[in-house]
Chemist: 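Structure incoming, see below.
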Amino acid sequence: MSDGVARGAVEPARLTWLVLAFAVCAAVIIARMVGLMVLDRDRYLAAMARESWREGAIPPARGRILDRDGRPLAWSTRRFVLRWRVPENKATVIRHWRTMSEGVTLAPQWSLASVLARRGQVIELSTDLSAADLRTLATLGEHVRDLRVSSSFARDRVPSPAVRSLLGETRAVNGVEVGVTGAEKVHDDLLRGVPGVYRVMVDKTGDWIAGTWQKTSEMRPGYDVYLPIRLQEGNQQP
Amino acid sequence: MSFGLSIPRWRLRLGILGAVVLVGLLMVGAKEVTTELRQRPALRRETDVRLREWSRALLSEVSGGLRDDWQRLAETHPEWVLRACARESREVWRADE
């Protein structure tokens, strides 16, 4: 073997250049990784969280108003409302209308003609959906666009005008029933309840990402309030 | 035996040390990922249970909501029920989790 390079071996100078080139590339990659994963970590995490997390608040059921014997004078029931932004395109409206009217019980005032006259507008197709309707709508959303099911409360009262006058009225503010007159207003703090809050990560289409849902605040329905009156027979709820 | 390389011993040791540190870091990172993957199914099951509980509670506020047809909806579409009952979601800004 000579003093120089052994037969078949890489020349030291060339090897040195190769190692140097590899070292430079590795240094660039590692520097970029450190920048992304260490120096800019908080910034990217914040940006991702801002875009991905959504928070939802669920309004609670308003408490009941009862007479001194515990018979309900006013009570709230949850109901589901169906709204639809009617498409501008006539053929799309006809196609979607046929799909919906076959599977969902819609309010009687709506027909294809009346819906076609409201193109581009948001209409309320039903104000009290049944469980079967909801089950159909849960899958229908993929086929009919711009359908929205939302929940609201209906405040029912006993028929007696005198008692109704005493109870007062409520009004929905951001989905929450608020007492505006009478006993509903006086005891509003007790009757109103506390909304439940959750947060969930969504993907780019707005769908929930499985396993990310978290309840952040427990919902508390409103307290029941007793009034010092006695409901007369014949004025009770049906 | 010579391979035609003339790397000083100290560089060789430094290179080996660097490789050992790198492998160690990779193993730590892999352990964290594996732990997270193992915990994820249990977290999902727990989340599903809570979703269904809340969904059942919301549907019980419907007139006749304790009937089987309503409660079955809570079992099959709990997320959908919650989204229908929720107010418009808003963005939540979180700096870190």
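Sequence lines set the chain letters: A, B, ... in the order given, protein chains first and strands last, and positions in each chain run from 1. For clarity, every value in this text was computed on a predicted model and none was experimentally measured.
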Chemist: Heavy atoms only: give me the nearest A/Tyr198-B/Ala86 pair and the separation to one decimal.
Modeler: OH-CB, 3.3 Å
Chemist: In terms of heavy-atom proximity below 4.5 Å to chain A, should B/Trp70 be classed as side chain, backbone, both, or neither?
Modeler: both
Chemist: Report which part of B/Arg72 has an atom under 4.5 Å of a heavy atom belonging to chain A: side chain, backbone, both, or neither.
Modeler: both
Chemist: Sort by residue number and list every residue of residues 42-49 of chain B having at least one heavy atom under 4.5 Å from chain A.
Modeler: B/Arg44, B/Thr47
Chemist: Return the minimal non-hydrogen interatomic distance between B/Leu73 and A/Arg135, and the atom names on each side.
Modeler: N-NH2, 3.5 Å
Chemist: For A/Asp146, what residues pass the salt bridge (Lys or Arg N to Asp or Glu O under 4.0 Å) criterion, not counting sequence neighbours?
Modeler: none
Chemist: Measuring heavy-atom distances to chain B, does A/Leu129 have an atom under 4.5 Å in its side chain, in its backbone, in both, or in neither?
Modeler: backbone
Chemist: Can you tell if the side chain of B/Trp80 reaches within under 4.5 Å of the side chain of A/Leu137, non-hydrogen atoms only?
Modeler: yes
Chemist: Distance check, rounded to the nearest 0.5 Å: A/Phe153 atom CZ versus B/Glu61 atom CD?
Modeler: 5.0 Å
Chemist: Report the distance from atom OG of A/Ser150 to atom CZ of B/Arg83, rounding to the nearest 0.5 Å.
Modeler: 13.5 Å
Chemist: State whether the number of non-hydrogen atoms from other residues, nucleotides or ligands found under 6.0 Å of A/Arg155 atom CZ is greater than 12.
Modeler: yes
Chemist: Quick check on B/Leu59 against chain A: is it the side chain, the backbone, both or neither that has a heavy atom closer than 4.5 Å?
Modeler: side chain
Chemist: Give, as side chain, backbone, both or neither, the part of B/Ser60 having an atom under 4.5 angstrom from any heavy atom of chain A.
Modeler: neither
Chemist: Report yes if the side chains of B/Glu79 and A/Trp213 come closer than 4.5 Å at any heavy-atom pair, otherwise no.
Modeler: no
Chemist: What part of A/Val197 lies closer than 4.5 angstrom to a heavy atom of chain B: side chain, backbone, both or neither?
Modeler: backbone
Chemist: How long is the span from the CZ atom in B/Arg87 to the OG atom in A/Ser151, to the nearest 0.5 Å?
Modeler: 9.5 Å
Chemist: A/Pro60, A/Gly196, A/Ala132: which one forms the most heavy-atom pairs within less than 4.5 Å of chain B?
Modeler: A/Gly196
Chemist: If I compare all heavy atoms of B/Cys85 with all of A/Pro59, which pair ends up nearest, and what's the gap?
Modeler: O-CD, 3.5 Å
Chemist: About how many Å separate CG of A/Leu134 and NE2 of B/His77, when rounded to the nearest 0.5 Å?
Modeler: 10.0 Å
Chemist: Is any side-chain heavy atom of B/Leu82 less than 4.5 Å from a side-chain heavy atom of A/Ile58?
Modeler: yes
Chemist: Assess whether atom CZ of B/Arg50 is packed by more than 12 heavy atoms of other residues, nucleotides or ligands within 6.0 Å.
Modeler: no
Chemist: Heavy-atom pairs under 4.5 Å with chain B are the metric here; pick the option from A/Val19, A/Asp128, A/Thr212, A/Val149 that has the most.
Modeler: A/Val149
Chemist: Looking only at atom types and distance, does a side-chain atom of A/Arg79 sit under 3.5 Å from a main-chain N or O of B/Ser63, one as donor and one as acceptor?
Modeler: no
